[in-house]
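Working notes, structure below.
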Amino acid sequence: MSERTVRVRFAPSPTGYPHIGNIRTALFNWLFARHHGGAFILRIEDTDQTRKVEGAVDAIKKSLDWLKIDWDEGPYFQSERLQIYHRCIQRLLDSIHAYKCYCSPERLARMREEMAERKESMRSYDRRCRDLTPEEIGRFESQGIMPVIRFKMPLDGQTTFHDLVRGDITFDNSELDDIVLLKSDGYPTYHLANIADDHYMEISHVMRGDEWLSSTPRHVLLYRAFDWEPPLFAHLPMILGPDKSKLSKRHGATSIDDYMDKYLPEAMVNFLALLGWSLDDKTEIFSREELIQNFSIERISRSPAVFNRDKLDWMNGYYLRRDSRPQDINNEAATAPVDAEGIAPQVSTDFVDRLMESLDNDLPPEVRRPTREYVEQIAPLIVERLKTLREAAENFGFFFVDEPIYESGLLLGKQLTVETAIRGLEAALERLQDTQFDALSLEEALRPLASDLGLKTGDFFGLLRIATTGRTAAPPLFETMAVLGKERCLKRIQTAVTKLRESS
RNA sequence: GGCGCAUUCGUCUAGCGGCCUAGGACACCGCCCUCUCAAGGCGGAGAUCAGGGGUUCGAAUCCCCUAUGCGCUACCA
């Protein structure tokens, strides 16, 4: 695409865990760098002392680590590069591209208010300090006012720049105000620090959110004032909430850590990559390598995208199922939930690890933590019923608690009377006494029993399902009972009988 | 208010002048499989391509206008 070496950066400000949109920006930059064999740089834009949040840098690193987005340089901290910005400012002051402004924040606020009242079209700084006489400057200085440094924006003409996503964009310079470059506390604003760093760090492409598009002409003008060559720009479409407004806290989870304990990083990367980028008209699933191989700025879309949680859930479930298969088993065998002999396929140790960790977090404290051996048995039964790991404890708690809690009425379903239900359960109890608790034996014992009782298999199995799991929806009955074990199943069925007796 | 950007099924999107009576995915509905729920397979519904003018033999694709949405308009990034 370009002769120059690709060097891109992710430059968040340390105000907490990154927003989902910021992470998407990081991902795009990273993919672009890796695609071109360039460098991905992490830079912390901590020039606002008032908004700094403790631990934010760690949170940013943790988020990137989670998604396996690694950086080649940094993190650099702008707060540690103040001398660079001061030198830049001096250059601008010397070349009369910048000036000191002594206006108080109060005056500026009042000014803006009045402008709005008068419905003026231009509602930014009135440039009062732009052409101060030496006497006036002396007067302000003697009052000890700490000035800000503003950029002397050209008063007329136009500024056009090329955006790799949107094409040529033109602004009238008269629309651009004299932005603050250096604050009175000595820290630079984003505008200055951003372009100085991008220049000195030799950033080749600036890929950032769409909200920066309006600032870009100012940045271009700044590059010109410094006589620097600007990087190439690519503005990414914004990510919206379901109501199509900018994704914000109102929409619930917007920071990446809201997703870290629920979704697989691989699924998250895949999903995020498709938010504003696509390869073609059909490909949805991409491995990390495929993303790197195929990513290009040309295929970034221009319009904002609504964050679609349903699709993320689906994708997570897809990855869960796919990655739970052990590497050495071919896909055909692993796709089937249970083979003809009633033996569930193996799941990968990696999946068991993840499941154990998730259960450990989500199971109620009073429930005994399951052993690895036990989780290995459950895993194949629940993988394909999971969209997120979180649902394991939520939907399959009956595997772990002593007794599931449910309404006795559930036992009757739509068809059964209390009498037939009790009769069915007791018959099962008796038959199960000397039945081997493996899926095959259980089926051989119970299936004939249904017709013996004059019950439809569906009704009879449903009854047993409620009794043993407390739920109407669960993994296949016999596998489930086998995992639960004889003792627990008999006890639960007994409890069900008791419940029915008590309720009638 | 001004400026900028955007506008294809509910959502993510394909489409860059004829292949489009607009394709895929999620969600939704139905059927198959089946002991329930999933998963999987098959099928369905769903977009007068925001609206209106042009340009052209021909427009979702190019131009203009309008509408709507979003962003920016801070000594925040």
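Letters go in sequence order (proteins before strands), and every chain restarts at 1.
Across all strands shown, B:rC62 forms a Watson-Crick or G-U wobble pair with B:rG54, both key distances being under 3.5 Å. As the counterpart of B:rC31, B:rG41 is assigned, both hydrogen-bonding distances of the Watson-Crick or G-U wobble pattern falling under 3.5 Å. In a base pair of the Watson-Crick type (N1 to N3 plus N6-O4 or O6-N4) or a G-U wobble (N1-O2 and O6-N3), with each distance short of 3.5 Å, B:rC3 is matched with B:rG71. Taking a pair to require two hydrogen-bonding distances under 3.5 Å in either a Watson-Crick or a G-U wobble arrangement, B:rC26 pairs with B:rG10. In this structure B:rU48 sits in no base pair that meets the Watson-Crick or G-U test at under 3.5 Å.
For the C1' atoms, the distance linking B:rC32 with B:rA25 amounts to 22 Å, nearest Å. With P as the reference atom, B:rC9 and B:rU61 are 14 Å apart, rounded to whole Å. Only the P atoms considered, B:rU66 is 27 Å distant from B:rC12, to the nearest whole Å. To the nearest whole angstrom, the two P atoms, one in B:rG24 and one in B:rA47, are 15 Å apart. The separation of B:rU48 from B:rU55, taken at their P atoms, amounts to 26 Å, rounded to a whole angstrom. Here, B:rC63 and B:rG1 have their P atoms 27 Å apart, quoted to the whole Å. For the C1' atoms, the distance from B:rC26 to B:rC5 is 27 Å, rounded to whole Å. Nucleotides B:rU13 and B:rU7 have their C1' atoms positioned 14 Å apart, rounded to a whole Å.
Each salt bridge (charged side-chain N to carboxylate O under 4.0 Å, His left out) pair with one or both residues in residues 458-476 of chain A, not counting sequence neighbours, would appear here, but there are none. Every pair passing salt bridge (charged side-chain N to carboxylate O under 4.0 Å, His left out) that includes a residue from residues 165-176 of chain A is listed here, sequence neighbours excluded: A:Arg166-A:Asp210.
Across all strands shown, A:Arg299 has heavy atoms under 4.0 Å from sugar-phosphate atoms exclusively, and none from any base. Within 4.0 Å (heavy atoms only), A:Phe478 reaches at least one base atom of the nucleic acid. Within the 4.0 angstrom heavy-atom criterion, no nucleotide atom of any strand lies near A:Pro242. Backbone-only engagement by A:Gly276 is indicated by non-hydrogen atom pairs under 4.0 Å involving sugar-phosphate atoms exclusively. Residue A:Ala474 is in base contact, counting any heavy-atom pair closer than 4.0 Å across all strands shown. Using a 4.0 Å heavy-atom cutoff across all strands shown, A:Leu477 reaches at least one base atom of the nucleic acid.
More than 12 non-hydrogen atoms from other residues, nucleotides or ligands lie less than 6.0 angstrom from NZ of A:Lys262. Heavy-atom neighbours of A:Asp156 CG from other residues, nucleotides or ligands within 6.0 Å: at or below the threshold of 12.
When each of A:Arg130, A:Arg150, A:Lys152 is tested with A:Asp178 by the rule salt bridge (charged side-chain N to carboxylate O under 4.0 Å, His left out), just one qualifies, namely A:Arg130.
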Per-nucleotide protein contact along nucleotides 70-77 of chain B, 5' to 3', at a 4.0 Å heavy-atom cut-off (B base, S sugar-phosphate only, - neither), is SBS-SBBB
Going 5' to 3' through nucleotides 18-28 of chain B and flagging B where a protein heavy-atom sits under 4.0 Å of the base, S where only the sugar-phosphate is that close, and - otherwise, we get -----BBBBS-
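Atom CG in A:Asp172 sits roughly 9 Å away from atom P in B:rC3 (whole-Å rounding). Note: CZ (A:Phe396) to P (B:rA39) measures 11 Å, nearest angstrom. Residue A:Asn316 contributes atom CG, which lies 13 Å from atom P of B:rA39 at whole-angstrom precision. Atom-to-atom, NE2 of A:His235 to C1' of B:rC3 comes out at 15 Å; the value is rounded to the nearest Å. Separating the CD atom of A:Glu384 from the P atom of B:rG41 is a distance of 13 Å, rounded to the nearest angstrom. Between A:Ile169 atom CD1 and B:rA6 atom C1' there is a gap of 11 Å when expressed in whole angstrom units.
Under the ring pair (Phe, Tyr, Trp, His ring centres under 6.0 Å) criterion, A:Phe437 pairs with no residue, sequence neighbours left out. Taking A:Lys52 as the reference, A:Asp46 meet the salt bridge (Lys or Arg N to Asp or Glu O under 4.0 Å) condition, with sequence neighbours excluded. In this view, A:Arg107 and A:Asp126 satisfy the salt bridge (Lys or Arg N to Asp or Glu O under 4.0 Å) rule, not counting sequence neighbours. Scored by the ring pair (Phe, Tyr, Trp, His ring centres under 6.0 Å) test, A:Tyr259 finds A:Tyr263, A:Phe307 as partners (sequence neighbours excluded). Residues that satisfy the salt bridge (Lys or Arg N to Asp or Glu O under 4.0 Å) test with A:Arg423, not counting sequence neighbours, are absent from this structure. Applying the side chain to side chain contact (heavy atoms under 4.5 Å, CB included) test to A:Ile145 and every residue at least two apart in sequence or in another chain returns A:Tyr102, A:Phe140, A:Gln143. Remark: A:Glu113 pairs with no residue by the salt bridge (Lys or Arg N to Asp or Glu O under 4.0 Å) rule, at least two apart or across chains.
Within the 4.0 Å cut-off from OP1 or OP2 of B:rA39, not a single side-chain nitrogen or oxygen of A:Arg322 is found. Within the structure, every side-chain polar atom (N or O) of A:Thr472 is placed at least 4.0 Å from both OP1 and OP2 of B:rU36.
At a cut-off of 3.5 angstrom, counting only N and O atoms as typed in the model, there is a donor on one side and an acceptor on the other between the side-chain of A:Arg385 and the base of B:rC37.
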Could you walk me through whether A:Tyr319 and A:Asp323 pass the side-chain hydrogen bond (donor to acceptor under 3.5 Å, both in side chains) test, one step at a time?
CA-CA 6 Å; A:Tyr319 272 90; A:Asp323 295 347; over 6 Å; no
How far apart are the C-alpha atoms of A:Arg354 and A:Ser348, what are their side-chain angles, what is the distance that settles it, and do they pass the side-chain hydrogen bond (donor to acceptor under 3.5 Å, both in side chains) test?
CA-CA 10 Å; A:Arg354 281 173 156 163; A:Ser348 67; over 6 Å; no
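Looking at which nucleotide of RNA chain B each of A:Thr457 and A:Arg302 is closest to, the 5′-most match is held by A:Arg302. Residue A:Lys119 is the one, among A:Gly458 and A:Lys119, whose nearest nucleotide of RNA chain B lies closer to the 5' end (criterion: closest heavy atom).
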Show each protein N/O and nucleotides 62-68 of chain B N/O combination with a separation under 3.5 Å, one pair to a line.
none

